[in-house]
Amino acid sequence: MLLRRLWTVAAVLVAAAGLVQAAPAGSVRAQATYNNPVLWQDFADIDIIRVNDAYYYSASTMHYSPGAPVLRSYDLVNWEFAGHSVPKLDFGAKYDLSGGRGYVRGIWASMFNHRKSNNTFYWGGCVDFANTHLYTASTVEGPWQRHATINKCYYDAGMLIDDNDKMYVAYGNTNISVAELSPDGKSEVRSQQVFTTPSNIGTLEGARFYKRDGKYYIFLTRPANGQYILKADNPFGPYTLRQVLLDLPGPIQGGGVPHQGGLVQTQNGQWYYLAFVDAYPGGRVPALAPVTWTSDGWPQVQTVNGRWGATYPFPNLTPRPVKPMIGVDTFTGSALGPQWEWNHNPDTTKYTVGNGLRLQTATVTNDLYSARNTLTHRIQGPSSTATVALDLSAMRDGDRSGLAMLRDSSAWLGIKRDGGRNRVVMVNNLTMDGNWNTTNTGTEVAGADFAGTRIWLRANVDIRPGAGRQAKFSYSTDGVNFVPFGPGFTLNNNWTFFMGYRFAVFNHATQALGGAVTVQRFELSTP
């Protein structure tokens, strides 16, 4: 996976707990077509399954916590957050930002499936090139629990639960192997290499494992421009290889070739391929295409004028209401919604949810990349705006709080409190090197005194693929009239961080702990 470089036309928007709709809700209505990407947010390394009439989509999250989000849909086009398979990155102190950092580690391409015999969802992933951790739950909302740890790395794995209830895992890079798990899914019974990638192809990885009409298929990606598939009569082979796509133009202008992801069959017998498209600086976003099968049992992606279609006929599925992926959160529930993920594991004693989100300082540092309890939200493409309302009355000297564009090159707008007074500032040039060590903690490029105790911070960002895309910051004292502040921040569109930019809300100390801010409102909106 380290070799890999990775809007909805919404039929329905409904209110959700803690969310206000971005547009008035309409009745559920059928659509004639859908547009790609089906969801313009960063959800990479897709594994997709169907359980009865619901579709579930698992994705990578690297160093963000909780990890491995699960999305749900009833029509393959309109998606909502459902939960996370990994409640905490419980894989060592570095994931707590203690004695190290876990940037671009953690949750990579992983396996996700549902076992009918015990009505259990399974998630499994290799962490730090070491052990494979498996988690289970009876519903995707959770609670998810650690099921087992296998002392072996199932790299870029896919899980098949066979007709006889046996559990198999396909995994590997270039050399592809298959493992059979014990009946309880806690250990390995057998493993063997089943395929070696020909040198003229290069690398194959990102395995997904399927069975159709008595044949076994391992779906593999050639990062980041191809897709291949293996077919056999037996889980352990021998396998025959066929190319599915190579250098197929994608549906996003400036974006990459749709690849990796997975296949799924609808309850009506149709097949679809949900791939992702490299679309930096925003990340890797999902694109959906119908699939047909040849008479001798090979899948074919249906193209439009020689490319992955920007538009296809809507699946023969009935849309149902789903929670919007954009909107307003006022943090009135007892816990954060699944749209939120922390940068590394949070210190759970330093935040509360209820009457807003109270963020106490959790780290004394001058480096945002080392500060705990930075809360992140994906960006909606191709462009969107985040607005956050902060109560500053409990800040203390040395505290820094604000709204960031977070990645390996970052900037933020917020408040510095020093000497008993607040200043609103824009800081840019926060940078990391290729080993994800901090190389610059930032430069203040705009500043002004701020006398109030409440501020609205706003970032408007363009994440269309390509160089030169910018985020622009502004602030308000009343939530209505916003003042542009600081220069535009040019986003880094390099792929090597894997994750795309995120909005991030933070509060950390540079002198001593004890201060706090309250996030009263967060809104993600589109033009």
Any donor-acceptor pair under 3.5 Å linking the side chain of [X] with the backbone of [Y]?
X	Y	result
Thr221	Gly226	yes
Ser60	Met62	no
Glu341	Gln339	no
Glu80	Val322	no
Arg146	Thr136	no
Thr132	Tyr154	yes
Asp433	Asn435	yes
Thr61	Ala68	yes
Thr439	Thr431	yes
Arg242	Ile229	no

[atom1] of [X] to [atom2] of [Y]: how many Å apart, nearest 0.5 Å?
X	Y	atom1	atom2	value
Ser58	Trp123	OG	CH2	7.5 Å
Leu245	Arg222	CG	CZ	11.0 Å
Asn113	Tyr168	CG	OH	14.0 Å
Leu246	Gln227	CG	CD	10.5 Å
Ser384	Ile326	OG	CD1	8.0 Å
Thr174	Ile201	OG1	CD1	10.5 Å

So do the side chains of [X] and [Y] get within less than 4.5 Å of each other, counting heavy atoms only?
X	Y	answer
Leu181	Tyr122	no
Met499	Arg407	no
Asn78	Tyr34	no
Ser73	Leu317	no
Tyr95	Ser65	no

Legend entry - Passing option when Val505 is tested against Leu406, Leu359, Thr374, Leu357 for side chain to side chain contact (heavy atoms under 4.5 Å, CB included):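 Filter result, single survivor: Leu359.
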Legend entry - Stepwise side chain to side chain donor-acceptor pair (under 3.5 Å) test for Ser182 and Ser187: CA-CA 5 Å; Ser182 59; Ser187 62; 3.1 Å; yes
Aromatic plane relationship, [Y] with [X] - under 30° parallel, 30 to 60° tilted, over 60° perpendicular:
X	Y	answer
Tyr56	Phe121	perpendicular
His63	His344	tilted
Phe331	Trp340	tilted

Legend entry - Pair Trp293 and Trp271, ring centroids less than 6.0 Å apart: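 Judged by ring-centre distance (under 6.0 Å), Trp293 and Trp271 do meet the cut-off.
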Would you tell me whether [X] and [Y] have side-chain atoms, one donor and one acceptor, within less than 3.5 Å of each other?
X	Y	value
Asp96	Asn345	yes
Asn507	Tyr351	no
Ser177	Gln193	no
Thr294	Asp296	yes

Between [Y] and [X], is there a cation-pi geometry (under 6.0 Å to ring centre, at most 45° from the normal)?
X	Y	answer
Arg105	Phe91	no
Arg190	Phe236	yes
Arg101	Trp436	no
Arg320	Tyr74	yes

On a heavy-atom basis, which atom in [X] and which in [Y] lie closest, and how many Å separate them?
X	Y	value
Val353	Gly333	CG1-O, 3.4 Å
Gly185	Ala148	O-CB, 4.3 Å
Ala109	Asp156	CB-OD1, 3.3 Å
Tyr272	Val291	C-CG2, 4.1 Å
Gln41	Met325	NE2-O, 3.5 Å
Val285	Ala279	CG2-CB, 4.2 Å

Legend entry - Step-by-step side chain to side chain donor-acceptor pair (under 3.5 Å) determination, Tyr216 to Asp162: CA-CA 10 Å; Tyr216 294 86; Asp162 208 345; 2.5 Å; yes
Quick one: list whatever passes side chain to side chain contact (heavy atoms under 4.5 Å, CB included) with [X], sequence neighbours left out.
X	result
Ala275	Pro258, Tyr273, Trp308
Asn151	Asn131
Lys215	Tyr217, Lys231, Asp233

Inset, instruction - Mind running side chain to side chain contact (heavy atoms under 4.5 Å, CB included) on Asn173 and Thr203 for me, showing each step along the way? - result: CA-CA 7 Å; Asn173 171 292; Thr203 297; 3.5 Å; yes
Inset, instruction - Please test Lys152 against Tyr171 for side chain to side chain donor-acceptor pair (under 3.5 Å), starting from the C-alpha separation and ending with a verdict. - result: CA-CA 11 Å; Lys152 186 174 185 177; Tyr171 63 97; 3.2 Å; yes
Inset, instruction - Verify side chain to side chain donor-acceptor pair (under 3.5 Å) between Asn492 and Ser409, making sure each step is shown before the conclusion. - result: CA-CA 6 Å; Asn492 175 15; Ser409 173; 5.5 Å; no
Inset, instruction - Assess whether ring pair (Phe, Tyr, Trp, His ring centres under 6.0 Å) is satisfied between Phe129 and Trp108, documenting all intermediate values. - result: CA-CA 10 Å; Phe129 299 100; Trp108 293 356; 4.9 Å; yes
Legend entry - Intermediate values then yes/no, side chain to side chain contact (heavy atoms under 4.5 Å, CB included), Tyr64 and Arg378: CA-CA 11 Å; Tyr64 293 110; Arg378 288 171 180 81; over 6 Å; no
Legend entry - Residue pair Asn36, Ile252: steps toward the side chain to side chain contact (heavy atoms under 4.5 Å, CB included) verdict: CA-CA 8 Å; Asn36 274 312; Ile252 304 175; over 6 Å; no
Legend entry - Trace of the side chain to side chain contact (heavy atoms under 4.5 Å, CB included) decision for Asp408 with Asn494: CA-CA 10 Å; Asp408 52 334; Asn494 188 285; 5.6 Å; no
